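Okay, structure first, notes after.
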Number of protein chains: 2
Amino acid sequence: MVNSRFAVAIHILSLIATTSDKALLTSDFIAGSVNTNPVVVRRISSLLKKAGLISSRKGISGYELTKKPEDISLYDIYRAVEEPKELFAIHQAPNPACSVGRQIGTTLTDVFGSVQQAMENELRSQTLQSILDRLK
Amino acid sequence: MVNSRFAVAIHILSLIATTSDKALLTSDFIAGSVNTNPVVVRRISSLLKKAGLISSRKGISGYELTKKPEDISLYDIYRAVEEPKELFAIHQAPNPACSVGRQIGTTLTDVFGSVQQAMENELRSQTLQSILDRLK
DNA sequence: TCAGTTGTAACTATAATGGTTACATCAAAT
DNA sequence: ATTTGATGTAACCATTATAGTTACAACTGA
């Protein structure tokens with residue numbers, strides 16, 4: 001497998017959304033639920049904070065959502081924790097002396113772009129609230 | 001970037017489809033167009049061959065498509081060269097003592113599955129022929 | 001002042017990937 | 001038959017991404 005940051009981010013946000021006593025939500029506590037190291041939680045929380053999805057203050061325990069769960073799409077979360085890289089890489093510098101080599105780059109950019117669009121549209125169609133509904 | 005096998009596979013198949021003199025299609029020649037090492041080409045060709053998309057014979061130069069370009073979907077190519085792994089990984093062993101931890105696994109499997117479906121459907125909707133059309 | 005927490009830098013182990021060398025195997029031309 | 005040139009594949013290396021970990025500065029409230 002490649003990368004579980006997205007999954008962990010959703011886990012973290014779900015915990016925050018469903019825990020009424022916010023002071024319980026230390027990175028240690030969250031790490032216990034995710035089953036990882038507290039620093040991993042703080043690292044991902046830091047990304048979610050930069051993206052404006054949660055708030056926290058140094059020295060004080062507790063994280064809070066800054067938006068309602070129905071206003072946080074999975075796309076928002078995805079963009080918060082993933083590098084803005086493409087789904088599929090395109091090999092560098094194909095031979096411009098070859099007809100295929102000359103045009104494959106832009107062609108693949110277009111095609112891969114439409115695939116990525118399809119994926120991102122699906123991510124946009126679901127929210128943290130949809131996740132919470134499924135958890136019940 | 002992560003993985004350009006898919007892009008290289010499409011490049012290889014496009015070259016095979018558009019080259020009339022099949023004997024020209026050595027791994028060396030293809031590598032010259034892709035701008036990589038011939039072994040990389042043979043490695044990916046081997047996967048395409050296992051998937052039944054092309055044919056070749058040891059000792060004889062030349063690769064050939066075994067199907068018409070309109071009958072090779074991008075999904076077929078994708079499946080030929082990518083490990084059957086999920087788009088997003090799910091963290092292992094979340095805490096079953098926690099309500100979220102207990103249910104997040106199946107929830108994420110469902111949600112990520114629908115996202116992957118969306119992506120794969122888009123891949124199924126395009127073929128090698130659509131790529132060739134764009135190359136003109 | 002002190003205990004507990006977040007934020008972050010730094011290091012490590014692991015895994016995936018692409019490039020490379022090497023070589024066995026095979027087919028066709030000579 | 002020998003030689004030449006090709007595919008098929010194993011093996012190794014360098015690079016990169018990731019998750020886990022240790023360490024510690026900065027901060028808050030008791």
Side-chain angles (χ1 to χ4, degrees), chain A residues 1-9 11-12 15-16 21-32 34-51 53-64 80-94, chain B residues 1-9 11-12 15-16 19 21-32 34-51 54-64 80-94:
Chain A
M1 284 287 180
V2 190
N3 176 336
S4 62
R5 277 198 302 271
F6 189 28
V8 172
H11 189 149
I12 292 173
L15 267 181
I16 297 175
D21 183 357
K22 301 303 181 190
L24 278 181
L25 290 168
T26 64
S27 61
D28 221 44
F29 173 84
I30 298 174
V34 174
N35 187 29
T36 184
N37 191 288
V39 175
V40 173
V41 172
R42 296 205 288 271
R43 197 185 280 154
I44 294 177
S45 296
S46 170
L47 295 172
L48 296 173
K49 188 177 178 178
K50 283 197 184 87
L53 303 182
I54 64 175
S55 64
S56 63
R57 286 173 60 201
K58 188 180 285 189
I60 304 180
S61 79
Y63 294 91
E64 286 188 52
V81 300
E82 294 292 333
E83 291 295 314
K85 69 181 172 194
E86 310 303 321
L87 212 44
F88 307 112
I90 299 177
H91 52 296
Q92 287 309 307
Chain B
M1 283 288 181
V2 191
N3 176 337
S4 62
R5 279 198 301 270
F6 189 30
V8 172
H11 189 150
I12 292 174
L15 267 180
I16 298 175
T19 304
D21 183 357
K22 301 303 180 190
L24 278 180
L25 289 168
T26 64
S27 61
D28 222 42
F29 173 84
I30 298 174
V34 173
N35 188 30
T36 184
N37 191 287
V39 175
V40 173
V41 172
R42 296 204 289 272
R43 197 185 281 157
I44 293 177
S45 297
S46 170
L47 295 172
L48 297 173
K49 187 177 179 178
K50 284 199 185 84
I54 64 174
S55 64
S56 63
R57 286 173 58 202
K58 187 181 286 189
I60 305 180
S61 79
Y63 295 91
E64 286 188 52
V81 299
E82 294 291 335
E83 291 295 316
K85 69 183 172 196
E86 310 303 321
L87 212 46
F88 307 110
I90 299 177
H91 51 297
Q92 287 308 309

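Note that the structure is a prediction, hence the values are computed from the model and not measured. Order of the sequence lines sets the chain letters (A, B, ...), proteins ahead of strands, with each chain counted from 1.
Not one side-chain nitrogen or oxygen of K49(B) sits closer than 4.0 Å to the OP1 or OP2 atom of dT7(D). For the OP1/OP2 pair of dT9(D) and a distance below 4.0 Å, the side-chain nitrogens and oxygens of S46(B) include at least one atom meeting the criterion.
Taking every side-chain heavy atom of K85(B) into account, dA16(C) is the closest of dA16(C), dG7(C), dA19(D). Minimum atom distance to the side chain of R5(A) is reached by dA19(D), of the listed dT9(D), dG7(C), dA19(D).
Nucleotide dT6(C) holds its P atom 11 Å from the CD1 atom of I54(A), rounded to whole Å. In this structure, N3(A) places its CG atom 16 Å from P of dA15(C), rounding to the nearest Å. Rounded to whole Å, the distance from CD on Q92(A) to P on dT16(D) is 13 Å. If you take CG of L47(A) and C1' of dA17(D), they are 14 Å apart, rounded to a whole angstrom. For the pair I16(B) CD1 and dT7(D) C1', the interatomic distance rounds to 13 Å; values are reported in whole Å. Note: CG (L24(B)) to P (dG5(D)) measures 16 Å, nearest angstrom. In this entry the distance linking NE2 of H91(B) with C1' of dT18(D) reads 15 Å, nearest Å. In this structure, the CD atom of E83(B) is 14 Å from the P atom of dA15(C), given to the nearest Å.
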Under 3.5 Å, which N/O atoms of the protein pair with N/O atoms of nucleotides 25-30 of chain D?
none

Mind listing the N/O atom pairs, protein and nucleotides 21-24 of chain D, below 3.5 Å?
{"residue": "dT21(D)", "atom": "OP2", "partner": "N37(A)", "partner atom": "ND2", "Å": "3.4"}
{"residue": "dT21(D)", "atom": "O4", "partner": "R43(A)", "partner atom": "NH2", "Å": "2.7"}

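For the side-chain contact (heavy atoms from CB on, under 4.5 Å) test, residues two or more places apart in sequence or in another chain that qualify with N35(B) are A93(A). Take L87(B) and apply the side-chain contact (heavy atoms from CB on, under 4.5 Å) test, not counting sequence neighbours, and it matches L87(A), M119(A), V115(B), Q116(B), M119(B). Taking the side-chain hydrogen bond (donor to acceptor under 3.5 Å, both in side chains) definition, one finds that S4(A) meets it with nothing, sequence neighbours left out. In terms of the side-chain hydrogen bond (donor to acceptor under 3.5 Å, both in side chains) criterion, residue partners of E82(B) (sequence neighbours excluded) are, by chain and number, N3(B). The side-chain contact (heavy atoms from CB on, under 4.5 Å) test applied to S55(A) returns E64(A), T66(A), not counting sequence neighbours. In this view, A9(A) and I44(A), L48(A), I77(A), V81(A) satisfy the side-chain contact (heavy atoms from CB on, under 4.5 Å) rule, not counting sequence neighbours. Remark: Y63(A) engages no residue in a ring pair (Phe, Tyr, Trp, His ring centres under 6.0 Å) (not counting sequence neighbours).
At a non-hydrogen distance threshold of 4.0 Å, L25(A), T26(A), S27(A) from residues 25-32 of chain A come into contact with DNA chain C.
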Side-chain donor-acceptor distances from residues 22-29 of chain B under 3.5 Å, at least two apart:
{"residue": "K22(B)", "atom": "NZ", "partner": "I16(B)", "partner atom": "O", "Å": "2.7"}
{"residue": "K22(B)", "atom": "NZ", "partner": "T19(B)", "partner atom": "O", "Å": "2.9"}
{"residue": "T26(B)", "atom": "OG1", "partner": "D28(B)", "partner atom": "N", "Å": "3.4"}
{"residue": "T26(B)", "atom": "OG1", "partner": "F29(B)", "partner atom": "N", "Å": "3.0"}
{"residue": "S27(B)", "atom": "OG", "partner": "R42(B)", "partner atom": "NH1", "Å": "3.0"}

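In terms of heavy atoms, A80(A) sits closest to L47(A) at O-CB, 3.6 Å.
At a threshold of 4.0 angstrom between heavy atoms, the contacts of S4(A) are confined to the sugar-phosphate backbone, with no base atom among them.
With rounding to the nearest 0.5 Å, the separation of CD1 in I12(B) from CD1 in I54(B) is 7.0 Å.
Using the six-membered ring where Trp is involved, H91(B) and H11(A) have ring planes that are tilted, between 30° and 60° apart.
Helix-axis bend for the helix from dT1(C)-dA30(D) to dT30(C)-dA1(D): the local axis fitted to the five terminal pairs at one end deviates from that at the other end by 0°, rounded to 10°.
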